Amino acid sequence: LLGKRIALLLIRFLGQTPLGLGYAISLSELCLAPFIPSNSARSGGILYPIVSSIPPLMGSDPNNNPDKIGAYLMWVALASTCITSSMFLTALAPNPLAMEIATKMGVNEISWFSWFLAFLPCGVVLILLVPLLAYKTCKPTLKGSKEVSLWAKKELEGMGRFSLKEILMLSLTLLALLGWIFGKPLGLHA
């Protein structure tokens with residue numbers, strides 16, 4: 001529920017234009033990636049159900065007006081997942097495995113924070129450019145609509161306030177992330 005709430009909050013505030021929706025999707029992916037070590041779980045389990053609910057609101061589906069907005073949103077979601085999976089050591093299950101194999105071969109271990117800093121310059125540029133580039137290449141014919149923002153608002157209202165489980169989940173994931181980032185000085189192995 002926490003991942004869904006984060007994505008819906010971003011869509012609620014950025015979702016009045018297709019480009020804004022693209023950035024909401026990218027930012028949702030960016031917010032969830034450090035905590036969910038599976039791009040399949042993140043994009044397929046959390047974001048896809050939300051993103052795929054948007055085009056039908058606008059009369060766009062794979063068989064009917066995909067260029068209206070659906071193709072654009074799906075392309076942004078796919079490309080954003082690829083970027084964030086590389087951006088964080090913990091965003092893709094094979095990343096820590098690759099690091100462990102490299103360490104066994106004599107490469108100095110790279111911390112979570114070092115991995116993030118190494119990819120940050122490229123990652124920031126890519127995450128900012130993907131919605132814009134996709135907007136130019138998969139140009140949606142829809143130029144603006146308040147329907148998606150209103151839909152996200154209704155979905156959030158239906159979810160109610162943050163539950164104790166969501167607060168606990170947020171606390172635990174932040175604690176885990178801090179453990180990954182500052183693990184070495186604290187004597188923790190990632």
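For clarity, every value in this text was computed on a predicted model and none was experimentally measured. Keep in mind that the numbers below use all heavy atoms, side chains included, and drop hydrogens, waters and symmetry copies.
- Residues E157 and K153 meet the side-chain proximity criterion, which asks for heavy atoms closer than 4.5 Å.
- Annotation for S85 and N95: closest pair O-ND2, 2.9 Å, computed over non-hydrogen atoms.
- Looking at heavy atoms from C-beta onward, I69 lies in side-chain contact with P55 at the 4.5 angstrom threshold.
- In K154, the NZ atom is not crowded: 12 or fewer heavy atoms of neighbouring residues, nucleotides or ligands sit closer than 6.0 Å.
- The backbone N or O of L133 sits less than 3.5 Å from a side-chain atom of T137, completing a donor-acceptor pair.
- Side-chain contact check for L174 versus F35: some heavy-atom pair is nearer than 4.5 Å.
- Only one option out of F119, F116, F113 pairs with F88 in a ring pair (Phe, Tyr, Trp, His ring centres under 6.0 Å); it is F116.
- For N63 against D61, the heavy-atom pair with the smallest separation is N-OD1, 2.8 Å.
- Minimum interatomic distance between W112 and P34 (heavy atoms only, all atoms of both residues): CZ2-CB, 4.1 Å.
- Scanning both residues, I25 and A77, for their nearest heavy atoms gives CG2-CA, 3.7 Å.
- The two atoms that bring V130 and S80 nearest to each other are CG1-OG, 4.0 Å, heavy atoms only.
- Using a 4.5 Å heavy-atom cutoff, the side chains of V76 and S26 are in contact.
- T103 has its side chain out of reach of N108: every pair of non-hydrogen atoms, C-beta onward, lies at least 4.5 Å apart.
- Contact detail for T141 and K68: the closest heavy-atom pair is OG1-CA, 3.1 Å.
- In this structure, OG1 on T81 lies 10.0 Å from CG on L32, to the nearest 0.5 angstrom.
- By the neighbour-count criterion of 12 heavy atoms within 6.0 Å, atom CE of M99 is densely surrounded, having more than that number from other residues, nucleotides or ligands.
- Here the side chains of L92 and S86 are not in contact, with every heavy-atom distance at 4.5 Å or above.
- From F162, atom CZ reaches atom CE of M169 across 13.0 Å, with rounding to the nearest 0.5 Å.
- The backbone N or O of M87 lies less than 3.5 Å from no partner atom in the side chain of T84, so there is not a single donor-acceptor pair.
- Looking only at side-chain heavy atoms (C-beta outward), E166 and M159 come within less than 4.5 Å of each other.
- Checking side-chain atoms of W75 against main-chain N and O of P131 turns up no donor-acceptor pair under 3.5 Å.
- Y23 places no side-chain N or O within donor-acceptor distance of the main-chain N or O of P18, the cut-off being under 3.5 Å.
- A donor-acceptor distance shorter than 3.5 angstrom exists from the side chain of R42 to the backbone of A91, with no hydrogens or angles considered.
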